[in-house]
Amino acid sequence: MTATVDKGRSPALKGRWAAMPKQVRWAAIAALIVLLYILPNRWFYEYLGFPIGSEYFAFYTTRSDFAGVLFDTAVFVLLAVGLNVVVGFAGLLDLGYFGFYALGAYTVALLTSPESRLGTNWPWLAAVPVAVMVAMVSGVILGGPTLRLRGDYLAIVTLGFAEMIRLYAARNEGVMQGQRGIPAIPHPPGTGSDGKPLFGVVDARPYYWLLLTLILLVIVLVRNLANSRVGRAWVATREDEDAAEVMGVPTFKYKLWAFAIGAAVAGLTGAVFAGKQTFINSDQFVLESSILVLAAVILGGAGNIKGAIVGGAITWYLPEWLRGAGDLVGVEFDAAEYRILVFGVVIIVMMIFRPQGIVPNRRRAAEFADRRQEAVPQEKVPSE
Amino acid sequence: MNFDELFGNFPALTITGLEQGAIYALVALGYTLVYGVLRLINFAHSEVFMVGTFTALWTWEALGYDQNSPSPAIGPLILALVAGLVVAAVASAATAVTVELVAYRPLRRRNAPPLAFLITAIGASFVLAESFGIGTSRAPFGMPVLIPSETAFTVFGAAVTNIQLLILGVTLVMMVSLDQFVNRSRLGRGIRAVAQDADTAALMGVNKNRVILLVFVLGGLMAGVAALLWNVRYGYTKFNVGFLIGLKAFAAAVLGGIGNLRGALLGGLLLGVAENYAAGLFGGDWKDFTGFVLLIVLLMFRPTGLLGESLGRARA
């Protein structure tokens with residue numbers, strides 16, 4: 001992941017990367033993916049001769065289970081990739097992204113758990129497509145009336161939506177089982193070579209691998225979408241909606257698509273999360289998380305999938321890593337407590353000084369630069 | 001569906017609704033003013049309200065009132081209320097102005113796209129809420145009972161308390177003075193001019209940045225007054241107290257027609273009443289949803305609200 005950051009940052013490196021033969025680039029990407037799969041294995045670090053435990057090193061988080069942290073990071077990365085479609089590509093501000101994630105998780109929980117009042121007892125795998133559909137349909141229902149209006153209404157409606165989902169889950173003592181939540185959600189299916197279930201309670205690695213695979217799949221899908229007619233329609237809508245409409249782009253349709261695709265990705269993530277967690281209640285879907293995902297997209301660079309990955313990794317993984325690193329220098333530092341505050345400040349500062357993000361999307365960066373240039377003469381007016 | 005509850009308590013629900021709606025209306029004014037001039041949903045406004053509740057509480061604590069102290073006599077009471085009001089209003093206005101200067105103005109100077117403003121607004125909102133959350137250990141705080149609730153008179157069998165009268169009275173006074181200020185004074189004319197057409201107004205010699213600052217000050221003052229009324233009525237505050245109020249106030253502003261001052265009052269009162277009817281009809285759990293559902297339905301059928309949108313044309 002660090003390699004990706006460098007590539008985005010340095011223009012010289014970027015040029016050299018682009019100049020490399022295609023095979024070399026593919027091999028490098030494949031190596032990176034393999035590395036990501038190996039990352040949570042303890043033997044990998046023992047093989048490399050790193051001390052594990054209280055000692056600090058490279059990227060192992062010493063305070064909490066590393067595979068668990070990687071899983072949570074992967075959750076954030078997948079959410080960021082999904083939100084990137086909405087915010088980055090289509091330029092719509094979705095502040096309640098976690099609402100769709102909650103919908104996905106609750107759908108799976110309600111359909112599969114033997115403790116659920118619905119009594120359906122589906123297997124986990126059968127519930128996942130339903131969860132994705134539910135999230136997607138609710139995205140369409142929510143986006144339908146709001147996307148026709150100015151973009152800012154969407155922001156507040158989604159903000160309200162996420163909070164309403166959470167409040168409803170917390171207060172409804174019927175199906176949602178209030179604060180007690182829904183326990184006993186089954187794990188994903190599959191048995192290992194030793195006859196034990198592949199997805200258990202203790203080991204977070206299989207879930208991380210599952211999520212990593214899903215991330216790769218979603219990235220391929222989103223990349224292809226972005227490079228297609230749909231993606232061009234999104235960019236046109238984002239840059240100038242009226243002009244796009246005049247040129248014959250059905251902007252409402254494509255905005256709704258972006259919104260629904262984003263919601264579906266969030267629903268999928270929620271479904272996997274429910275399968276790992278086995279227990280969910282409303283406390284896991286607080287509004288702050290929506291803002292963290294947004295911060296991830298903005299920080300990484302909206303409109304760029306690489307940026308979303310980097311941003312997702314930074315917002316979740318970095319604070320966890322810092323906790324372990326703090327131990328080493330003897331500082332008790334609970335980064336999670338200040339996470340929202342810090343990323344709130346980061347959002348404001350980024351919007352002023354580097355609105356295009358760490359790994360910018362070239363076209364978006366050009367848009368910002370353009371607008372900034374247009375603003376220059378205004379500043380010289382003496383009354384300003 | 002509990003129609004007995006709704007019709008049996010109709011007058012009481014209406015009065016509670018009006019009282020809560022008055023607070024929404026005062027907060028909604030902040031959204032409406034900023035929106036009217038800048039076309040921006042100022043998400044940080046809910047935190048401006050939150051700052052007001054805390055500073056009023058701290059003022060009372062500084063004056064020696066705590067949760068257990070007896071309600072003061074009329075003289076010290078008025079002193080405490082006025083001191084709380086002034087501090088809350090000033091602190092809220094200062095918060096709103098800080099957000100404008102630190103977050104929004106640099107963006108305007110860079111001609112940032114609208115999305116950047118919205119993202120900054122939500123960032124500012126969370127920075128404010130979190131700094132108070134961390135500073136207060138995320139605990140809820142109780143208030144001294146300055147005014148014991150007493151029934152002033154009854155209408156159709158529903159008791160109207162002295163606190164409810166105070167809230168409605170203060171809200172009406174604030175509304176009328178703000179409305180008069182915007183419609184009659186020279187500064188108000190500047191606000192309406194910038195709301196109508198910022199560039200032309202600037203050409204005519206209106207200092208745009210000063211007008212925008214003034215708008216944030218006015219919105220902050222109103223939120224501060226709302227915060228004091230909230231403290232007197234509900235007697236508690238928390239770092240995230242602003243969130244739901246902010247959401248409902250925004251719904252109220254849209255209901256009345258965002259950008260329209262009188263619309264904010266109408267929307268606030270209507271929302272408060274509707275919310276309480278819904279609570280009577282479907283049960284208290286559903287109360288908080290009303291504003292949200294109303295907002296979505298409204299955006300579907302009449303996005304310009306009941307009284308229309310423009311602050312520039314808000315002249316009666």
Side-chain angles (χ1 to χ4, degrees), chain A residues 87 91-93 95 141-142 144-146 148-153 155-157 159-161 163-164 167-168 171-173 238-239 287-288 291 294-295 298 302 337-353 355 367-368 370-376 378-379 381 383-384, chain B residues 35 39-41 43 99 102-103 106-131 133-134 199 202-203 205-209 240 243-244 246-248 250-251 254 258 284-286 288-289 291-293 295-301 303:
Chain A
V87 177
L92 308 165
L93 187 55
L95 293 177
I141 294 174
L142 205 62
T146 33
R148 287 182 198 279
L149 304 165
R150 281 185 303 261
D152 36 16
Y153 280 142
I156 193 119
V157 166
L159 185 71
F161 165 74
E163 187 66 2
M164 291 304 138
L167 274 178
Y168 182 72
R171 288 182 189 171
N172 182 290
E173 290 295 331
R238 182 186 75 204
E239 288 189 9
L287 193 77
E288 281 80 2
I291 305 309
L294 181 71
I298 302 300
E337 172 79 5
Y338 299 97
R339 193 180 278 162
I340 310 273
L341 180 64
V342 169
F343 285 117
V345 174
V346 166
I347 286 181
I348 299 178
V349 174
M350 289 286 282
M351 273 297 126
I352 297 174
F353 295 107
E367 274 170 60
F368 280 112
D370 242 24
R371 290 190 68 109
R372 200 172 288 193
Q373 207 139 42
E374 279 166 22
V376 170
Q378 275 193 349
E379 251 175 68
V381 175
S383 73
E384 282 280 29
Chain B
Y35 195 92
R39 308 268 135 202
L40 160 75
I41 301 177
F43 284 106
V99 171
V102 173
L107 288 182
R108 274 207 309 282
R109 204 170 294 146
R110 288 174 167 76
N111 191 25
L115 190 69
F117 279 94
L118 281 174
I119 292 168
T120 305
I122 197 78
S125 166
F126 271 83
V127 167
L128 283 171
E130 280 297 303
S131 30
I134 291 167
D199 292 335
L203 289 175
V206 179
N207 186 334
K208 196 172 122 191
N209 275 334
N240 61 4
F243 182 81
L244 264 185
L247 196 62
K248 289 175 183 175
F250 180 79
V254 176
I258 193 156
D285 284 5
W286 290 94
D288 291 338
F289 291 80
F292 182 64
V293 173
L295 179 65
I296 291 202
V297 172
L298 205 73
L299 290 181
M300 239 187 263
F301 296 109

If you count heavy-atom pairs under 4.5 Å between each of Pro106(B), Pro114(B), Pro113(B) and chain A, which one has the most?
Pro113(B)
Heavy-atom proximity to chain B below 4.5 Å, by part of [X]:
{"X": "Leu341(A)", "result": "both"}
{"X": "Ile291(A)", "result": "side chain"}
{"X": "Leu159(A)", "result": "both"}
{"X": "Phe343(A)", "result": "neither"}

So, for Leu92(A) and Leu115(B), which heavy atoms are closest and what is the spacing to 0.1 Å?
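Reported closest heavy-atom pair: C-CD1, 4.3 Å.
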Where is the tightest heavy-atom contact between Ala251(B) and Leu295(B), given as atom of each residue plus distance?
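Looks like CA-CD1, 3.9 Å.
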Picking from Ile41(B), Leu107(B), Ile122(B), what satisfies side chain to side chain contact (heavy atoms under 4.5 Å, CB included) with Phe117(B)?
Leu107(B)
Which region of [X], side chain (C-beta onward) or backbone (N, CA, C, O), has a non-hydrogen atom less than 4.5 Å from a non-hydrogen atom of chain A, or is it both or neither?
{"X": "Phe250(B)", "value": "side chain"}
{"X": "Phe301(B)", "value": "neither"}
{"X": "Leu244(B)", "value": "side chain"}
{"X": "Leu247(B)", "value": "side chain"}
{"X": "Val297(B)", "value": "neither"}
{"X": "Ala112(B)", "value": "backbone"}

Please answer whether the main-chain N or O of Ile352(A) pairs with a side-chain N or O of Arg110(B) as donor and acceptor at a distance below 3.5 Å.
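Yes; judged by distance alone, with no hydrogens or angles, the pair exists.
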Please check if the side chain of Ser125(B) supplies one atom and the backbone of Ala121(B) the other of a donor-acceptor pair under 3.5 Å.
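Pair absent, no side-chain N/O of Ser125(B) close to backbone of Ala121(B).
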Using side-chain heavy atoms (C-beta onward) and a distance below 4.5 Å, is Glu130(B) in contact with Val342(A)?
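They are not in contact (no side-chain heavy atoms under 4.5 Å apart), so the answer is no.
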With heavy-atom distances below 4.5 Å as the criterion, would you say the side chains of Ile296(B) and Leu142(A) are in contact?
yes
Residue among Ile348(A), Val349(A), Ile347(A) with most heavy-atom pairs under 4.5 Å to chain B:
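Counting heavy-atom pairs under 4.5 Å, the top option is Ile348(A).
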Quick one: of Gly344(A), Ala302(A), Ala295(A), Pro355(A), who has the most non-hydrogen atom pairs under 4.5 Å with chain B?
Gly344(A)
Is there a side chain to side chain contact (heavy atoms under 4.5 Å, CB included) between Leu95(A) and Phe161(A)? Walk through the geometry before answering.
CA-CA 9 Å; Leu95(A) 293 177; Phe161(A) 165 74; over 6 Å; no
Look at the aromatic rings of Phe289(B) and Tyr168(A) and report parallel, tilted or perpendicular, splitting at 30° and 60°.
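Plane angle over 60°, so perpendicular.
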